[in-house]
Amino acid sequence: MSLFARAWQVNYGGLLSGFPLTAFPVSKHLPMALHAHGPYWELVIVAEGRGQHLLGQDTFALRAGDVLVIPRGVQHGYGHCADLGLINVMFEPNKLNLPLAELRCVDGFSEVFDFNAKGRTKPASFRHLKVDPPTLARLIDTLEKLHAELLARHAGFELLIKGHFASVLIELARHQSGASTTPLPEAYARLSGVIDWLAKNVSQQIAVEQLAEVAHCSRSTLERLFQKCLSTSPLNYVLRLRVHEAEKLLQATDASIAEVAIQVGMSDSSYFTRMFRRHTGVLPKEYRAQNAYQRPASKASSSFG
């Protein structure tokens, strides 16, 4: 039985109304000229059949298991479609309020999903991934649940949709990094308390043994949990989290580089500068210059638009 042969209740009208994400299946996709989707990014999961993907002057074959990550403004199309079945996810990452700091701590995420459009000096990159059949089946199952929540819109649907979508993003990031994509749910639950604690204590001196105490487990067990759930070590996660917190401070405050370093728990400003450059590709001073327009012009309160 085809992975795509599912009883999706399709209702295209109004799916994007009031919520910056939609997901829907397209069976027997027809050829389509180059086009873009305004402010929306597009995630395309090829569920079955075959065809060609058009990207500018380039074309390449599509088969079940292909995944396309198409940034906003990028024109693409389809040709030579033969029973091509797709799942389309259209979304505006800046309006979804996803936990990007946490997601960027997952190995492979930033490589695949370059969502930080603010202050960029070049366009986000198109990505073409290939997933194996078990991963494809899990992606389809999760997106089917997401789609059902979009249609039903029961109380709390926004939170559930974000959870399903974050699961899809993590699945693809881990697949890209070669990490295991089938962690136990209990592992997530056990690690969640540590993640919450770190978010509140990022400016403190942190040791792995301290995190193990928070998780009520041994150091070796904690390291296995981090590797299984986040594809990284506890210390690397802490370092990435500190860099992401520093990005926020550089954007939103006029604090000196040394002050920012201290506020994110890195008293050695030279070490902070090296780590920041390693993870972002630019020096803290350069990052602030690129993102200076995001800081409020005055002390008046501002709101997200």
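In what follows, every heavy atom counts, from backbone to side chain, and hydrogens, waters and symmetry copies are set aside. Along the sequence shown, residues carry numbers from 1.
The shortest distance between side-chain heavy atoms of Leu172 and Leu43 falls below 4.5 Å. Counting only heavy atoms from C-beta outward, the side chains of Trp41 and Val89 never approach each other to under 4.5 Å. For the pair Leu239 and His279, the minimum side-chain heavy-atom distance is below 4.5 Å. Proximity of Leu100 to Phe113: side-chain heavy atoms (C-beta onward) are nowhere separated by under 4.5 Å. Residues Pro234 and Leu222 are in side-chain contact: their nearest non-hydrogen atoms beyond the backbone lie under 4.5 Å apart. Considering only heavy atoms from C-beta on, Asp107 stays 4.5 Å or farther from Asn236 through its side chain. Side chains of Leu241 and Ile195 form no contact here, defined as non-hydrogen atoms less than 4.5 Å apart. Contact check for Asp83 versus Glu48: no side-chain heavy atoms found under the 4.5 Å cut-off.
The existence of a salt bridge linking Asp268 and Arg274 is excluded, since no basic side-chain nitrogen approaches an acidic carboxylate oxygen closer than 4.0 Å. Salt-bridge check for Glu158 with Lys162: failed, with every basic side-chain N at 4.0 Å or more from each acidic carboxylate O. Salt-bridge formation is not detected for the pair Glu245/Arg242: no Lys NZ or Arg NE/NH1/NH2 atom is positioned less than 4.0 Å from an Asp or Glu carboxylate oxygen.
In the hydrophobic clustering of ILVMFWY residues, with side-chain heavy atoms under 4.5 Å counting as a link, Leu34 and Val74 come out apart. Under a hydrophobic-cluster definition in which Ile, Leu, Val, Met, Phe, Trp and Tyr are linked whenever side-chain heavy atoms come within less than 4.5 Å, directly or via other members, Phe157 and Leu143 are assigned to the same cluster. Residues Leu86 and Leu54 do not share a hydrophobic cluster, clusters being chains of Ile/Leu/Val/Met/Phe/Trp/Tyr side chains in contact below 4.5 Å.
Below 30°, between 30° and 60°, or above 60°: for His37 and His35 the angle between ring planes is above 60°, a perpendicular geometry.
Here ring pair (Phe, Tyr, Trp, His ring centres under 6.0 Å) pairs that include residues 207-234, with residues two or more places apart or in two chains, are Phe226-Tyr237.
Side-chain atoms of Arg288 come within 3.5 Å of backbone atoms of Leu250 as a donor-acceptor pair (strictly under, hydrogens ignored).
Thr273 and Pro284 make their closest contact through CG2-CD, 3.8 Å (heavy atoms, listed as atom of the first residue, atom of the second, distance). In terms of heavy atoms, Thr280 sits closest to Val282 at OG1-O, 3.1 Å. The two residues Thr221 and Ser218 have their closest heavy-atom pair at OG1-OG, 2.9 Å. Pairing each heavy atom of His147 with each of Pro25, the nearest pair is CE1-CD, 4.4 Å. Cys81 approaches Pro31 most closely through the heavy-atom pair SG-N, 3.8 Å. Here the shortest heavy-atom pairing between His128 and Asp66 reads NE2-OD1, 3.1 Å.
No side-chain N or O of Arg174 forms a donor-acceptor pair with one of Ser177 less than 3.5 Å apart.
Think of Leu160 as one node in a network of Ile, Leu, Val, Met, Phe, Trp and Tyr side chains linked at under 4.5 Å; it has no links at all.
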Problem set entry | Trace of the side chain to side chain donor-acceptor pair (under 3.5 Å) decision for His244 with Glu247 | CA-CA 5 Å; His244 295 318; Glu247 289 178 305; 3.1 Å; yes

Exercise. Would Leu21 and Leu150 satisfy side chain to side chain contact (heavy atoms under 4.5 Å, CB included), going step by step from the backbone distance to the final call?
Worked result: CA-CA 9 Å; Leu21 180 150; Leu150 273 169; 4.1 Å; yes

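His53 pairs by the side-chain contact (heavy atoms from CB on, under 4.5 Å) definition with Leu55, Phe60, Leu62, Leu68, Ile70, His76, Tyr78, Phe126, not counting sequence neighbours.
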